[in-house]
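Comments concern the structure below.
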Amino acid sequence: MSSQGSGGGPLRIRAVTEDDLSHVVRLDAAAFPADPYPFFVLRQLLTAFPEFLLVVEDSAKDLRGYVLATPPYDAQSWILSLGITPELRRQGLGRELMTRILGLLRAKGTHSVWLSVEPGNDSAVALYRSLGFVPEPQGPRLDYFGPGEHRLLMSLAL
Ligand SMILES: CC(C)(COP(=O)(O)OP(=O)(O)OC[C@H]1O[C@@H](n2cnc3c(N)ncnc32)[C@H](O)[C@@H]1OP(=O)(O)O)[C@@H](O)C(=O)NCCC(=O)NCCS
């Protein structure tokens, strides 16, 4: 990919490895400070589905972003998480990660992709809309992730 890291070096997208776990935990906590995935959940997802966790690595081998999806089940997949380190946002990395994971899911037999997003997360909703994701017509599902944690569900036909 053509994006440059903060130090000016090239960035690359690759599948996660076991050694990346603590860095993915850190990225997830930075992206979702109020509600990060517990360490053990990321551990189990990484172990079970390493092919579906892509990371952005800079020239110093630091991880700067990640996307996590589920393998297809009944031809359906979910994007579980997406995060870009704050200093590298708005440079096309989120779009690049989504494009890469959607291509992988398509190749693996996914026909529809779902995700949930906090309704006020305008940047994420704009990104997903620009990729063709469509929100459920009834609007956000109330208390989807617990009391007060409403989420907009969006889907994309591949
Ligand atoms: C959402 C997030 C992943 C976007 O990553 P990014 O690398 O900054 O996004 P990109 O640069 O690829 O932008 C792609 C599109 O997203 C939208 N977008 C991204 N940031 C935006 C912002 N601050 N305001 C408005 N739209 C924005 C735009 O449509 C943009 O396209 P454009 O640049 O052609 O206008 C990033 O902001 C992030 O990590 N946020 C915290 C974690 C999070 O909310 N994850 C999603 C949870 S569902």
Side-chain angles (χ1 to χ4, degrees), residues 1-16 20-39 41-42 45-46 49 52-71 76-106 110 112-158:
M1 60 187 295
S2 57
S3 303
Q4 300 287 301
S6 55
L11 299 166
R12 74 177 181 118
I13 292 177
R14 61 168 174 79
V16 76
D20 295 327
L21 176 60
S22 63
H23 303 285
V24 174
V25 169
R26 172 180 51 77
L27 284 172
D28 185 68
F32 304 99
D35 202 14
Y37 276 120
F39 185 100
V41 171
L42 285 172
L45 289 168
L46 186 155
F49 311 120
F52 297 89
L53 205 175
L54 303 180
V55 295
V56 180
E57 183 182 73
D58 68 15
S59 55
K61 307 281 185 201
D62 285 334
L63 298 193
R64 314 304 291 265
Y66 72 105
V67 64
L68 171 62
T70 65
Q76 178 177 298
S77 289
W78 284 76
I79 303 294
L80 296 182
S81 198
L82 169 72
I84 301 297
T85 197
E87 62 276 14
L88 289 186
R89 287 180 191 163
R90 220 56 219 269
Q91 296 181 31
L93 284 173
R95 183 186 300 285
E96 183 73 25
L97 270 178
M98 284 296 295
T99 301
R100 287 282 292 269
I101 199 80
L102 292 174
L104 175 68
L105 293 175
R106 185 183 293 111
T110 295
S112 66
V113 184
W114 286 82
L115 57 81
S116 66
V117 58
E118 196 270 306
N121 190 343
D122 295 337
S123 50
V125 171
L127 168 59
Y128 299 140
R129 280 187 184 277
S130 76
L131 290 165
F133 281 85
V134 177
E136 290 187 313
Q138 71 267 31
R141 296 199 191 192
L142 302 183
D143 303 326
Y144 187 73
F145 280 155
E149 293 295 333
H150 316 318
R151 289 295 183 275
L152 186 64
L153 267 57
M154 303 181 78
S155 64
L156 172 71
L158 287 182

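Just so you know, ligand 1 is whichever comes first in the structure, and atom 1 is the first atom listed for that ligand. Along the sequence shown, residues are numbered consecutively beginning with 1.
With hydrogens left out, the protein atom closest to atom 17 (C) of ligand 1 is Ser123 O, 3.5 Å, a heavy atom. Counting protein heavy atoms only, atom 48 (S) of ligand 1 is closest to Tyr128 OH, 3.2 Å. Closest protein heavy atom to atom 40 (N) of ligand 1: Arg89 CZ, 3.6 Å. If you check which protein heavy atom lies closest to atom 45 (N) of ligand 1, you get Leu82 O, 2.8 Å. In this structure, the protein non-hydrogen atom closest to atom 44 (O) of ligand 1 is Asn121 ND2, 2.7 Å. Among protein heavy atoms, the minimum distance from atom 39 (O) of ligand 1 is reached at Ile84 N, 2.8 Å. Atom 16 (O) of ligand 1 has as its closest protein heavy atom Leu127 CB, 3.2 Å.
Residues Asp58 and Leu88 fail the side-chain proximity criterion, which asks for heavy atoms closer than 4.5 Å. Counting heavy atoms from C-beta on, the side chains of Phe133 and Val125 never come closer than 4.5 Å. When side chains are defined from C-beta on, Leu82 counts as touching Leu127, because their heavy atoms get closer than 4.5 Å. Side-chain contact between Leu68 and Val16 is absent, with no heavy atoms from C-beta onward closer than 4.5 Å. Residues Asp28 and Tyr66 form a side-chain contact, since some pair of their non-hydrogen atoms from C-beta on lies under 4.5 Å apart. The side-chain heavy atoms of Leu97 and Ile84, taken from C-beta on, include a pair separated by under 4.5 Å. Glu136 has its side chain within reach of Trp114: a pair of non-hydrogen atoms, C-beta onward, lies under 4.5 Å apart.
Below 3.5 Å of separation, one finds no N or O of Leu88 facing any N or O of ligand 1. Checked against a 3.5 angstrom limit, the closest N/O atoms of Arg90 and ligand 1 fall inside it. Looking at Gly94 next to ligand 1, an N or O pair under 3.5 Å apart turns up. Checking only distances, Ala124 never comes within under 3.5 Å of ligand 1, N or O to N or O. At under 3.5 Å, not a single nitrogen or oxygen of Ser116, backbone or side chain, sits near a nitrogen or oxygen of ligand 1. Considering backbone and side-chain N/O of Gly92, one or more are found under 3.5 Å from N/O of ligand 1.
Within the structure, ligand 1 has Gly83 among the residues with a heavy atom less than 4.0 angstrom away. The shortest heavy-atom distance from Asp122 to ligand 1 is not under 4.0 Å.
For atom 30 (C) of ligand 1, the nearest non-hydrogen atom from the set Arg95, Met98, Glu118 belongs to Arg95.
Each of the atoms 41 (C), 42 (C) of ligand 1 lies under 4.0 Å from some heavy atom of Ala31. Residue contact check: Phe32 has heavy atoms under 4.0 Å from atoms 42 (C), 43 (C), 45 (N), 47 (C) of ligand 1.
Of the heavy atoms in Gln91, only backbone atoms (N, CA, C, O) come closer than 4.0 Å to ligand 1. Neither the backbone nor the side chain of Ser130 comes within 4.0 Å of ligand 1, counting heavy atoms alone. Contacts of Tyr66 with ligand 1, taken as heavy-atom pairs under 4.0 Å, are absent altogether.
Counting only distance, with no hydrogens or angles, the side chain of Thr70 and the backbone of Ser77 share no donor-acceptor pair below 3.5 Å.
Pairing each heavy atom of Leu54 with each of Ala15, the nearest pair is CD2-CA, 4.0 Å.
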For this session: Might you work through the side-chain contact (heavy atoms from CB on, under 4.5 Å) test for Met98 and Ile79, ending with a clear yes or no?
Result: CA-CA 9 Å; Met98 284 296 295; Ile79 303 294; 4.1 Å; yes
Exercise. Can Asp62 and His23 be said to form a side-chain contact (heavy atoms from CB on, under 4.5 Å), step by step?
Worked result: CA-CA 8 Å; Asp62 285 334; His23 303 285; 5.6 Å; no
Give every donor-acceptor pair under 3.5 Å between a side-chain atom in residues 144-158 and any protein atom, sequence neighbours left out.
{"from": "Glu149", "atom 1": "OE1", "to": "Arg151", "atom 2": "NH1", "distance (Å)": "3.2"}
{"from": "Glu149", "atom 1": "OE1", "to": "Arg151", "atom 2": "NH2", "distance (Å)": "3.1"}
{"from": "His150", "atom 1": "ND1", "to": "Asp143", "atom 2": "N", "distance (Å)": "2.9"}

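There is a protein heavy atom closer than 4.0 angstrom to atom 19 (C) of ligand 1.
In this structure, Arg14 places its CZ atom where more than 12 heavy-atom neighbours from other residues, nucleotides or ligands lie under 6.0 Å away.
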